[in-house]
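For the numbers below, each heavy atom of this structure counts, side chains included, while hydrogens, waters and symmetry mates do not.
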Amino acid sequence: MIEQSVSSPPRGGARLPVRADAGRYLILSVVFVCAACGLVYELELVALASYLIGDSVTQASVVLSVMVFAMGVGSLLAKRLRCRAAFGFGLLEAALALLGGCSALVLYASFIWLGESRYALVGFSLATGVLIGAEIPLLMSLIQRFSRQDAEGTVADLFAADYVGALVGGLAFPFLLLPWLGQLTGALLTGAVNAVAGGGLVLWLFRRDLTSRSRWVLVIVNALVLALLATAAVLVDDFERAARRAVYGEQVRVAIHTDVQDVVITGGGSGPLELYLDGRLRVSARDEFRYHEALVHPAMRGPHARVLILGGGDGLAAREVLRYGDVREVTVVELDPGVVRLARTDPALRELNREAYGDGRVRTVYADAFTWLRSVDARGVWGGRYDVVISDLPNPGVTASTKLYSEEFYGLATRVLADGGRLAVHAGSPATQRHTYWTVDATLRAAGFGTTPYHATGWPSGFAAGPDRVKDGAPAVSDWGFDLAEVGASPRLGLARDAPRLRSLEGTALAAGARGMERTRVRGLPPSTLVHPRYGG
């Protein structure tokens with residue numbers, strides 16, 4: 001085979017501006033960049049679906065399966081463009097850059113102003129998959145202009161560049177784009193890189209394959225795409241502020257993105273404080289005392305010199321524990337230092353938690369609760385075992401928190417509990433997540449605990465704006481479910497009768513709630529290693 005050069009005509013087309021090897025490596029470099037961008041779009045859709053809709057397992061499955069199907073469709077459709085592969089690839093990359101770069105903005109807007117993002121999610125997954133699937137067949141046609149290998153070797157090179165690019169894109173998304181730029185700006189920048197790589201390749205390397213009209217079409221289309229992406233990047237802060245006002249109202253005081261999650265605080269001045277984590281209401285000053293008193297005080301009957309709080313970075317569970325003057329030490333294990341920082345410094349939140357972190361008895365550990373319990377078990381409990389463990393963790397219906405409601409997790413908890421110690425667990429709503437709630441109860445019993453289920457009513461947790469917050473013109477009422485557990489014993493009903501009589505928690509009310517919960521028990525539920533949202537009611 002005779003090597004092609006600048007002066008020798010290429011196979012099946014006009015002269016090319018570089019030597020064969022150089023052209024081949026340029027195309028493989030663009031394959032690498034486009035693959036990285038494509039995976040960023042894919043991960044962006046998965047992350048947004050989990051954030052806006054919830055249940056990350058289901059949403060990831062929908063996005064990935066739809067995209068893989070669409071990629072097959074795109075590969076078939078690409079056959080119609082192979083006769084004009086260079087022009088088709090240029091238009092395809094411009095469309096992909098615009099679609100992928102703007103996907104986050106459109107999905108946010110559809111959720112915020114239309115109240116529904118599922119249809120937009122499926123539409124973006126289909127369209128993005130079709131465009132990504134059409135890339136490889138067109139690139140195969142283009143690289144054969146330079147390749148001195150057989151078809152099998154060329155395909156191997158293309159897929160190697162594609163897979164390595166996907167690896168880089170997959171790592172860049174969580175470690176570079178999200179922390180440094182955020183979801184919206186990160187997607188827009190990725191689109192710009194995609195447009196420059198695809199358009200630059202065609203307009204330079206294959207410019208002699210294009211007619212004058214085709215060249216101008218590609219120049220104008222890519223210029224418009226880059227202009228739209230740049231304009232969106234300039235206006236993204238205004239968009240985020242408008243979106244925040246639409247979701248949370250006009251009283252947003254704090255809006256930050258920590259290393260773990262988005263944190264928003266509203267009110268605290270003219271209105272009641274509300275704390276949102278990743279868009280979901282976690283604390284409302286209207287009635288948070290109902291939740292935290294019901295969670296903490298039943299477990300404080302009996303010895304309580306040393307208390308462990310898993311989660312609870314807002315300091316509100318610690319506030320209730322510190323009401324007891326004979327508590328010697330409180331250890332708070334919180335994953336997100338940003339939440340604790342706000343609990344220490346935000347005036348309204350600090351007032352709500354009564355400056356719990358300023359109490360010398362409180363010790364803070366920044367770690368995942370599961371990992372920390374496992375490491376503590378390995379090296380021994382610092383200072384002795386705990387009399388009380390309070391599990392103030394995310395709802396078990398959230399997929400990311402399922403390991404914190406597993407039998408293994410509760411088994412680790414038993415090893416840090418003193419003899420006769422108690423474990424209080426927030427187990428989800430027995431009204432709307434009935435199977436989830438009773439699966440947690442079954443899992444506690446399988447781990448060796450005797451359990452007393454009970455519940456309290458209050459405001460619903462969930463997204464800031466949505467139909468669940470208002471019913472018949474009035475705020476909806478939620479049902480918080482709890483389980484009080486003790487190793488090797490069955491805590492008796494009415495356990496809180498000897499606890500302080502606070503505003504909303506009395507022993508008789510707790511006993512009545514526990515008896516009512518027992519009557520609603522779902523019999524025969526097996527313990528679950530991972531409590532999954534499919535159990536939800």
CZ on Arg244 to CD1 on Ile112, rounded to 0.5 Å: 9.5 Å

Would you call Glu329-Arg306 a salt bridge at under 4.0 Å N-O? yes

Does any donor atom in the side chain of Ser61 or Gln59 lie under 3.5 Å from an acceptor atom in the other side chain? no

Is Thr364 close to Arg344 at the side-chain level, that is, under 4.5 Å between some pair of heavy atoms? yes

With ring centroids as reference points, do His426 and Tyr291 lie under 6.0 angstrom apart? yes

Side chain Ser110, main chain Leu107, donor-acceptor under 3.5 Å: yes

Go through the steps for Met67 and Thr128 under the test side chain to side chain contact (heavy atoms under 4.5 Å, CB included), then give the verdict. CA-CA 7 Å; Met67 286 193 73; Thr128 305; 3.7 Å; yes

With no hydrogens and no angle check, just 3.5 Å: does a side-chain donor-acceptor pair link Asp262 and His257? yes

Hey, mind stepping through Lys403 and Asp368 against salt bridge (charged side-chain N to carboxylate O under 4.0 Å, His left out) and telling me if it holds? CA-CA 11 Å; Lys403 68 178 181 179; Asp368 172 76; 3.2 Å; yes

Closest approach of Ala356 and Leu322, non-hydrogen atoms and distance? O-CD1, 3.8 Å

Rounded to the nearest 0.5 Å, the CG atom of Asp419 sits from the CG atom of Asp387 at a distance of 10.0 Å

Can you find a heavy atom in the side chain of His297 that is under 4.5 Å from one in the side chain of Arg323? yes

Is it the case that over 12 heavy atoms from other parts of the model lie below 6.0 angstrom from the CG atom of Asp238? yes

Minimum heavy-atom separation for Tyr437 and Ser429, please, with both atom names. CB-O, 4.3 Å

Check whether any side-chain heavy atom of Asp336 sits under 4.5 Å from a side-chain heavy atom of Asp259, and report yes or no. no

Is it true that Arg241 and Asp237 make a salt bridge, defined as a side-chain N closer than 4.0 Å to a carboxylate O? no

Verify, without hydrogens or angle tests, whether Ser406 (side chain) and Phe409 (backbone) share a donor-acceptor contact under 3.5 angstrom. yes

For this output row, return yes or no: ring centroids of Tyr324 and His304 closer than 6.0 angstrom. yes

Rounded to the nearest 0.5 Å, what separation is found between the CG atom of Leu188 and the CG atom of Leu229? 6.0 Å

With no hydrogens and no angle check, do the side chains of His292 and Glu288 hold a donor and an acceptor under 3.5 Å apart? yes

Audit row: Glu44, Phe173, side chain to side chain contact (heavy atoms under 4.5 Å, CB included) steps and yes/no: CA-CA 8 Å; Glu44 186 78 39; Phe173 179 72; 3.2 Å; yes

Got a donor-acceptor contact below 3.5 angstrom from the Arg385 side chain to the Arg415 backbone? yes

Side chain to side chain contact (heavy atoms under 4.5 Å, CB included) assessment of Trp372 paired with Leu308: CA-CA 12 Å; Trp372 186 81; Leu308 171 64; 3.7 Å; yes

Please lay out, stage by stage, how Arg319 and Glu355 fare under the test salt bridge (charged side-chain N to carboxylate O under 4.0 Å, His left out). CA-CA 8 Å; Arg319 175 199 67 194; Glu355 301 190 4; over 6 Å; no

Heavy-atom side-chain proximity of Tyr41 to Thr190 below 4.5 angstrom: yes

Provide the closest heavy-atom pair for Ser103 versus Leu45 in the form atom of the first, atom of the second, distance. CB-CD2, 4.2 Å

Atom pair CG (Leu423) and CD1 (Ile390), whose distance is rounded to the nearest 0.5 Å: 8.0 Å

Got a second to check how far Leu295's CG is from Trp480's CH2, nearest 0.5 Å? 11.0 Å

Any Lys/Arg nitrogen of Asp346 or Arg253 sitting under 4.0 Å from an Asp/Glu carboxylate oxygen of the other? yes

Do Val425 and Tyr410 come close enough that some side-chain heavy atom pair is under 4.5 Å? yes

Glu240 side chain to Tyr108 side chain, donor-acceptor N/O pair below 3.5 angstrom: no

Take Glu408 and Arg374 through the salt bridge (charged side-chain N to carboxylate O under 4.0 Å, His left out) test and state the conclusion after the steps. CA-CA 10 Å; Glu408 182 181 0; Arg374 180 178 285 171; 2.7 Å; yes

Is there a side-chain contact between Phe449 and Leu417, using heavy atoms and a 4.5 Å cut-off? yes

What closest approach, in Å, do Arg361 and Arg328 show between heavy atoms, and which atom pair accounts for it? CG-O, 3.4 Å

Please give me the minimum heavy-atom distance between Ala447 and Thr414, naming the atom from each residue. O-CG2, 4.1 Å

If we ignore angles and hydrogens, is there a donor and acceptor under 3.5 Å between the side chains of Thr331 and Tyr386? yes

For Cys37 and Val193, work out which heavy atoms get closest and say how close. SG-CG1, 4.2 Å

So Leu184 and Phe239, do their side chains get closer than 4.5 Å, heavy atoms only? yes

Spacing of Leu316 atom CG and Glu293 atom CD [to the nearest 0.5 Å]: 11.0 Å

Test Leu373 against Val376 for side chain to side chain contact (heavy atoms under 4.5 Å, CB included), laying out the working first. CA-CA 5 Å; Leu373 281 177; Val376 165; 5.5 Å; no

Find out whether Val332 and Tyr357 are in side-chain contact, i.e. whether some heavy atom of one side chain is under 4.5 Å from a heavy atom of the other. yes

Checking the side chain of Thr258 only, and the main-chain atoms of Val260 only, is there a donor and an acceptor separated by less than 3.5 Å? yes

